[in-house]
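Because the structure is predicted, anything quoted here is derived from the model rather than measured.
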2 protein chains.
Amino acid sequence: MPASKDKQKTPGLDQSCLQHLLGYQIARADVPTRRAFAEHIGRPLELSPVEFSSLVLLAFNPATTPKQLAEALAMVAPAVTVLLDRLEKRGLIERARSDSDRRAQIVSLTDAGRELALKAHALSMDMEREVLSALSAAERAILIELLQKVARAARA
Amino acid sequence: MPASKDKQKTPGLDQSCLQHLLGYQIARADVPTRRAFAEHIGRPLELSPVEFSSLVLLAFNPATTPKQLAEALAMVAPAVTVLLDRLEKRGLIERARSDSDRRAQIVSLTDAGRELALKAHALSMDMEREVLSALSAAERAILIELLQKVARAARA
DNA sequence: TATTGTTATACTCTATAACTATA
DNA sequence: TATAGTTATAGAGTATAACAATA
C-alpha cells in the first residue's frame with residue numbers, strides 16, 4: 001500500500017533536483033518548526049517568534065539596548081522600534097535613557113514581562129521535544145551544531 | 001585580543017538561552033543562506049527563491065499542475081497564481097488546460113524558461129560550495145539528511 | 001457538492017529615507 | 001560629522017474569502 005493514507009489525489013512532485021540545496025532544506029524544515037512554535041507558544045501566549053526571542057534575550061541579558069537586539073535578531077533599527085512599541089504597550093518591557101550615553105536606551109522587562117519570558121522559555125522545552133522527536137539526542141546535538149557552524153562561518 | 005576585528009562598539013548579547021531551539025538556529029542559518037542565494041542567483045538572474053524553485057521543479061517534472069506546485073512549495077493557491085502570472089509575463093512558462101480534467105492546468109517551461117532553469121540550477125552548485133564551505137563533505141551530507149528528517153517527521 | 005484556479009483584499013514583515021537628539 | 005532611535009512610507013510575502021468553471 002502507498003505510504004500516505006489520504007485520498008492521494010495529487011501525486012507529489014519529484015524534488016530531488018532541489019534536495020542538495022541547504023536553503024531549500026532549511027525552508028522545508030522551517031515549516032513544521034514554525035507550526036510547532038505557533039501551537040506551543042505563539043497562540044497560547046500571543047507571541048510572534050521575534051517577540052518570544054526578544055523577551056527571552058532580555059530575561060537573560062540585563063541592560064540591553066535596542067541596537068544590541070537589532071544585531072542579535074538580524075533586524076533593522078526601525079523594525080526593533082515597532083517591536084518594542086508593541087511589547088511596551090502590552091506592559092512587558094520598559095525603556096529608559098542611558099546615563100552614560102543619552103542617545104541610547106536601556107530596555108528592561110517588567111515583572112509581567114519577566115514572568116511571560118520565563119513561562120515561554122519553559123514551554124519552548126516541550127516544543128523542542130516534539131519538533132525533534134524524530135531525532136536521537138546525538139542527532140539533535142549534531143544538527144544544532146552544524147547549523148551554528150553555517151551561521152558562524154558566514155558572519156566571518 | 002578580541003575575536004572580532006571591527007570597532008566593537010556594541011557588545012553582542014549572550015544568546016545561549018535560545019541556542020537549544022531548532023527554530024532559532026534555522027532562522028540564524030537562514031540569513032547567510034538567503035544572502036548567498038541573492039548574490040549567486042537572485043540578483044544576476046532576477047529570481048526570488050520560490051521563482052527559482054518553481055523553474056527547477058518544472059524543468060525536472062513534466063506536466064506539472066499549479067496544485068502540485070502549491071504542495072511542493074508549501075504555498076497557498078492564490079500565491080501560486082500570482083507567481084505563475086509573473087513567470088508567464090516574463091515568457092518563462094506557459095499554461096494550458098488539461099485534457100483529462102478541464103479544471104486543471106498543465107504548466108510547462110518555454111525554451112527561455114528551460115534555459116534559465118538549467119543555468120540557475122548550475123549556479124546553485126557554486127552557491128552551495130560557498131554556503132557550506134565551513135563544513136566537510138560528511139558534515140554537509142549529515143546536515144541535509146537531518147533537516148530532511150525533521151521536515152519528513154512533521155509531515156506524517 | 002467538491003475541486004481547480006482566479007480575483008480582490010487585508011495583514012504582516014521587511015526595507016529605505018528623512019528626521020531628532022545627542023555625541 | 002557620526003550614532004541611537006523614531007517616524008513615515010512603500011514593497012514583498014502571505015492569508016482569507018468570494019467567485020467561475022468544471023467535475
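Candidate nucleotides dG5(D), dT22(C), dT6(C) were compared by shortest atom distance to the side chain of D101(A), and dT22(C) ranks first. For T81(A), taking side-chain heavy atoms from C-beta onward, the closest of the listed nucleotides dA15(C), dT6(C), dT6(D) is dT6(D).
For the pair Q105(B) CD and dA21(D) C1', the computed distance is 12 Å after rounding to whole Å. Atom pair K67(B):NZ and dT6(C):C1' shows a separation of 15 Å (rounding to whole Å applied). Summarising the geometry, the separation between CZ on R102(A) and P on dT3(D) is reported as 21 Å, rounded to the nearest angstrom. As rounded to whole Å, 12 Å separates atom P of dC13(C) from atom CG of L47(A). For L83(A) and dA15(C), the CG to P distance is 14 Å, given to the nearest whole Å. Between the CD atom of E71(A) and the P atom of dG5(D) there is a distance of 11 Å, given to the nearest Å. Taking atom CE of residue M75(B) and atom P of nucleotide dT4(C), one finds them 17 Å apart after rounding to whole Å. One can place CG of D85(A) at 15 Å from P of dT12(C), the figure rounded to the nearest angstrom.
Nucleotides of DNA chain C nearest to V50(A) and S98(A) differ in position, and the one nearer the 5' end is that of V50(A). Comparing D99(A) and V76(A) by the nucleotide of DNA chain C that holds the closest heavy atom to each, the one mapping nearer the 5' end is V76(A).
Aromatic pair H121(B)/F60(B): centroids less than 6.0 angstrom apart.
In the interface, the side chain of R103(B) is paired with the base of dT3(C) through a donor and an acceptor atom under 3.5 Å apart.
Backbone-only engagement by A104(B) is indicated by non-hydrogen atom pairs under 4.0 Å involving sugar-phosphate atoms exclusively.
Take E130(B) and apply the side chain to side chain donor-acceptor pair (under 3.5 Å) test, not counting sequence neighbours, and it matches H40(B).
Counting only heavy atoms from C-beta outward, the side chains of M127(B) and I41(B) approach each other to under 4.5 Å.
Put simply, R95(B) has a side-chain N or O that comes within less than 4.0 Å of OP1 or OP2 on dT6(C). Here Q68(B) does not reach the OP1 or OP2 of dT4(C): none of its side-chain N or O atoms lies under 4.0 Å away.
Around atom CZ of R90(A), more than 12 heavy atoms belonging to other residues, nucleotides or ligands sit under 6.0 Å away.
Under 3.5 Å, the side chains of S98(A) and Q105(A) contain no donor-acceptor pair of N or O atoms.
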